[in-house]
Each structure stands twice: as C-alpha cells, then as structure tokens.
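No experiment lies behind these values; they were computed from the predicted model shown.
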Amino acid sequence: MRAMLRSRVCSVLLTVLVSLGAAACGSSGDEPPGSSGGAGGAAGSGGVGGAAGSAGSGGAAGARSIPFACPGGTIADGANTLTIDGTERTFYADLPEHPTGKVGVVFSWHGYGDTAENHRAALHFEPDGDPAHPLIVMTPVDSGLEPLGAGKIGLAWDIRAGKPGDDNVDFPFFEAMLGCVAAQQPLDPARVYSFGFSAGSVFTSLLASRYPRLFAATVHESGAWMNDPAEAALVKVLTIDWSWPELEPADRGNVLLTHGGTTDEVGAGSIKVFNLEESAKAALPFLAAAKRTVIDCEHDGGHVLHPELTSALILKYLTLHRAGEGSPFVSGALEGFPGSCSLHLP
C-alpha cells in the first residue's frame, strides 16, 4: 500500500513549478491581501502569527495551551467538514477508542497528485497503536490548488506564501481543525505533531516555520524548507519568490527527515527542476542553526516513502516527544531505526 504514495512525476510537475515561478517573479512575494492567513487567522482564532508562536512558550509543557478556536462543527470518527471563510473543507479524523487520559494529535498531509483517502489508507496510522500514547490522526483533504488557471495557485497545498499578512488558505483550515480538537477532545497541547510527504512535507515545513513552538516533533519525507536560501537555490530553470517566515531557533525542536537518493526529484523528462536528495543534505546545517535535533534517514528508492520506516515507527518517534522537553534520542541510540538513519544535534 505504501508504494501507492509514489509522486506522479510527469510533465505536469514541471508545469506546476513554472507556473508558481511565473506568478511569483517580480512580485513582492505576498499574495493579494485577504482575511485569512496572518491578518485574520482562523475563524475565531484571534490571529495566527503571534498567538501561534506563543503557544507553550511559557516554559513547562504543562502550561501550554492551544491558541485557536473552533468555528463550529463536531469532530467524529471518519469524514468531517468545517466551514472556513464560507468554504467547506473536509478532513478525516481517526480517534482512539477508549482513551483514559490526555491524547496527542498528528496531522498527515498528502503529496501533490495523491488523495487524502489514498494517503490515509496507505499509511494507516493507528490511533491506538501504543495504548500508553493514544493519538488522534487528522488527514486533511486539499482544496484542489493547481498550477494553472485564474485565482490562487499551489501544489495541492498553499505552499508558496506563509508570512503574516499572506493570504494562505490552508492556515485557517489547520487552525480550525486543531481548535476543534482542543475543544472537543482531551488533548495534551504538548503533543501536537505533523507528518508530510512530498508537497505535504513542504507544507509541514511551512507549518513548523509559522508556528515554531507549537509542534513537539515533525516528520518530513522527501520535502524541503523554502526559507533556507541554500535549498531555494536548488530550484533550477526558474526563480520562485518564496514568502516564508524565518525558522526561529527553538531549544527543543525535533525533526525526522527522509530522502530517496539521486532519483528523488521532480521534473519532466530530461529537465530536472528540484532534487529532494540535495535539498535534504542542505537542510541539515539549516536545521542545526535553528537548534533542531534531527534524525536523518536515507534510502535509494527515489520519490517514495522510506520503505523501512513503518507507520508504527513513525508514530513511535512522534509520541516519544513532548513540546518543551528534550528528545530521548540525544544520547545517540536510534533503537528500531534503520542503519541508514543518523542523529544530528544542533
């Protein structure tokens, strides 16, 4: 099933990147102003940038809180909808059956050309896989952002612009989902996580940059950090004006990276636009400078999920971390991880 998540690398991907670049070149880097994103936040959230950045910044994990409100609607097991700025957005929630205490939440973002349904089925993150650390698994459905046509463009997710004031359609969606989970479930606010593959990995990087103290740990499979000048410079053929916030240093940030060798790339035919293997290598000093503790896992399968990182192992990695606390991996022992994985301390 995991092989079903292969990125559909074809001519459309080159068109995607060219279109993103054409829309961005010569601009200020901001989309037209709107009520979402940093200016207005999610419905009832009171804003994104400062509130999100302060989540849990008071020190002890127990003092943390979720700074987002629920715009209405009940989260049930299975498919759910929320109305964000007049637009109905869909997501799947997989809930633990009988939690006896606080639970964590992991957001799982699919790649461009994939679907939330396929992504959810292929990964099959199990909410009760570790009874001691039950999780709510949230699998959002993208809004269909495409590279061509009128209006906003994107790669399934709104990945180009994410600074305060940018009109990012997926930030209010994320805030609303998390706000509703916090309002309706016994959520531990120190156990918020994000996972992404390909374009979903890039969006996870953008989330981690916009909300730097919110996530206890994030997993990035074949993605990139486009606020890293060295990674942005790897985009060939065209220039894209990425409008991302800087990645603030965080004393206890935890990141798991995977990348699939020289064929882990996007392009069309003989034209190679972006190599995710090179991007991952460039990300290591960038993340070290931002004081992230990184587990870096290589493979040679190309643009696919790491074949040796099972869903259970990914969830174990996430749930071993709580925001505001150190990583248990700083000792260097990567028990259960493939031999290709290495630890990188800031």
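Here His133 pairs with Asp130 under the side chain to side chain donor-acceptor pair (under 3.5 Å) rule; sequence neighbours left out.
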Legend entry - Lys291 and Glu248: CA distance, side-chain angles, deciding distance, salt bridge (charged side-chain N to carboxylate O under 4.0 Å, His left out) verdict: CA-CA 9 Å; Lys291 300 190 181 301; Glu248 295 181 12; over 6 Å; no
Inset, instruction - Mind running side-chain hydrogen bond (donor to acceptor under 3.5 Å, both in side chains) on Ser108 and Thr139 for me, showing each step along the way? - result: CA-CA 5 Å; Ser108 184; Thr139 308; 4.8 Å; no
Inset, instruction - Evaluate the side-chain contact (heavy atoms from CB on, under 4.5 Å) criterion for residues Thr90 and Asn80: first the C-alpha distance (whole Å), next the side-chain angles of each, then the deciding distance (0.1 Å), finally the verdict. - result: CA-CA 6 Å; Thr90 302; Asn80 296 266; over 6 Å; no
Inset, instruction - Step by step, work out the side-chain hydrogen bond (donor to acceptor under 3.5 Å, both in side chains) result for Asn118 and His110. - result: CA-CA 9 Å; Asn118 180 61; His110 65 77; over 6 Å; no
Inset, instruction - Would you sort out whether Phe195 and Thr204 count as a side-chain contact (heavy atoms from CB on, under 4.5 Å), showing the intermediate values? - result: CA-CA 7 Å; Phe195 169 93; Thr204 286; 5.8 Å; no
Legend entry - Residues His220, Ser205; criterion side-chain hydrogen bond (donor to acceptor under 3.5 Å, both in side chains); working and verdict: CA-CA 7 Å; His220 311 250; Ser205 299; 3.0 Å; yes
Legend entry - Chi angles and distances behind the side-chain contact (heavy atoms from CB on, under 4.5 Å) call for Lys102, Arg191: CA-CA 9 Å; Lys102 297 285 187 179; Arg191 295 181 58 220; 5.6 Å; no
Legend entry - Verdict with supporting geometry, Asp228 and Leu247, side-chain contact (heavy atoms from CB on, under 4.5 Å): CA-CA 9 Å; Asp228 175 14; Leu247 184 63; over 6 Å; no
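Note: Trp109 and Trp157 have perpendicular aromatic rings, judged against thresholds of 30 and 60 degrees for the angle between ring planes. Classification of the His303-Phe197 ring pair by plane angle, with boundaries at 30° and 60°, yields tilted.
Counting only heavy atoms from C-beta outward, the side chains of Cys70 and Met177 never approach each other to under 4.5 Å. Contact annotation: the side chain of Leu256 approaches that of Leu309 to within less than 4.5 Å [non-hydrogen atoms, C-beta and beyond]. In this structure, the side chains of Phe171 and Leu207 come closer than 4.5 Å at one or more pairs of heavy atoms. Counting heavy atoms from C-beta on, the side chains of Ile295 and His344 never come closer than 4.5 Å. Put simply, the side chain of Ser198 does not reach to within 4.5 Å of the side chain of Leu155, judged on heavy atoms. Between Asn168 and Arg210, the closest side-chain pair of non-hydrogen atoms is not below 4.5 Å. Side-chain atoms of Leu305 and Leu123, non-hydrogen and from C-beta on, do get closer than 4.5 Å to each other. Within the 4.5 Å cutoff, no side-chain heavy atoms of Val192 are placed close to those of Val181.
Arg160 has no carboxylate O lying under 4.0 Å from a charged side-chain N of Asp241, or vice versa, which leaves the two without a salt bridge. Salt-bridge annotation for Arg322 and Glu325: present, with a side-chain N of the basic residue lying under 4.0 Å from a carboxylate O of the acidic one. Between Lys236 and Glu265 there is no salt bridge, since no side-chain N of the basic residue sits under 4.0 Å from a carboxylate O of the acidic one. Salt bridge absent: Asp188 and Arg64 never bring a charged side-chain N and a carboxylate O closer than 4.0 Å.
Under the ring pair (Phe, Tyr, Trp, His ring centres under 6.0 Å) criterion, the residue pairs touching residues 72-108 are Phe107-Phe174, with sequence neighbours excluded. Under the ring pair (Phe, Tyr, Trp, His ring centres under 6.0 Å) criterion, the residue pairs touching residues 310-343 are Tyr317-His321, Tyr317-Phe329, His321-Phe329, Phe329-Phe337, with sequence neighbours excluded.
Within the model, atoms CD of Glu221 and SG of Cys297 stand 8.5 Å from one another, a figure rounded to the nearest 0.5 Å. Distance check, rounded to the nearest 0.5 Å: CG of Asp300 to NE2 of His306 gives 9.0 Å. From Thr293, atom OG1 reaches atom CG of Leu343 across 7.0 Å, with rounding to the nearest 0.5 Å. With values rounded to the nearest 0.5 angstrom, Asp170 atom CG is found 9.0 Å from Leu206 atom CG. Atoms CG and OG, on Asp158 and Ser143 in that order, are 7.0 Å from each other to the nearest 0.5 Å. With rounding to the nearest 0.5 angstrom, the CG atom of Leu334 is 8.0 Å from the OG atom of Ser342.
Under the 4.5 Å side-chain heavy-atom criterion for ILVMFWY residues, a single connected hydrophobic cluster contains both Val103 and Phe68. The hydrophobic clustering, which links ILVMFWY residues whose side-chain heavy atoms are closer than 4.5 Å, places Leu257 and Leu313 apart. Placement of Phe203 and Ile84 within a single hydrophobic cluster is found when ILVMFWY residues are connected by side-chain heavy-atom separations under 4.5 Å, directly or transitively. Val105 and Leu82 end up in the same hydrophobic cluster when Ile, Leu, Val, Met, Phe, Trp and Tyr side chains are linked at under 4.5 Å. Note on Val266: it clusters hydrophobically with Ile271, by side-chain heavy-atom contacts below 4.5 Å among ILVMFWY residues.
Shown here for Met226 and Val235, the closest heavy-atom pair between the two residues is CE-CG2, 4.0 Å. Across all their heavy atoms, Ser222 and Asp264 have their closest contact at OG-OD2, 2.7 Å. Residues Ser279 and Glu231 approach most closely at OG-OE1, 2.6 Å, considering heavy atoms. Annotation for Pro96 and Ile136: closest pair CD-CG1, 3.9 Å, computed over non-hydrogen atoms. Contact between Gly301 and Thr263 at its shortest, heavy atoms only, is C-OG1, 4.5 Å. Minimum heavy-atom separation, Trp244 to Ile159: NE1-O, 2.8 Å.
Looking at Asp128, its side chain does come within 3.5 Å of a backbone N or O of Glu97 through a donor-acceptor pair. Looking at Asp94, its side chain never comes within 3.5 Å of a backbone N or O of Pro127 through a donor-acceptor pair. With Tyr193 contributing its side chain and Leu318 its backbone, the two residues share a donor-acceptor pair below 3.5 Å. For Gln184 (side chain) and Gly73 (main-chain N/O), a donor-acceptor pair under 3.5 Å exists by modelled atom type. Side-chain atoms of Asn275 come within 3.5 Å of backbone N or O of Glu277 as a donor-acceptor pair.
Checked against Asp296 for a side chain to side chain contact (heavy atoms under 4.5 Å, CB included), the options Thr258, Val255, Leu284 give a single hit: Leu284.
Crowding of Asp77 atom CG: a count of heavy atoms from other residues, nucleotides or ligands under 6.0 Å exceeding 12. The number of heavy atoms from other shown groups lying within 6.0 Å of CD (Glu246) does not exceed 12.
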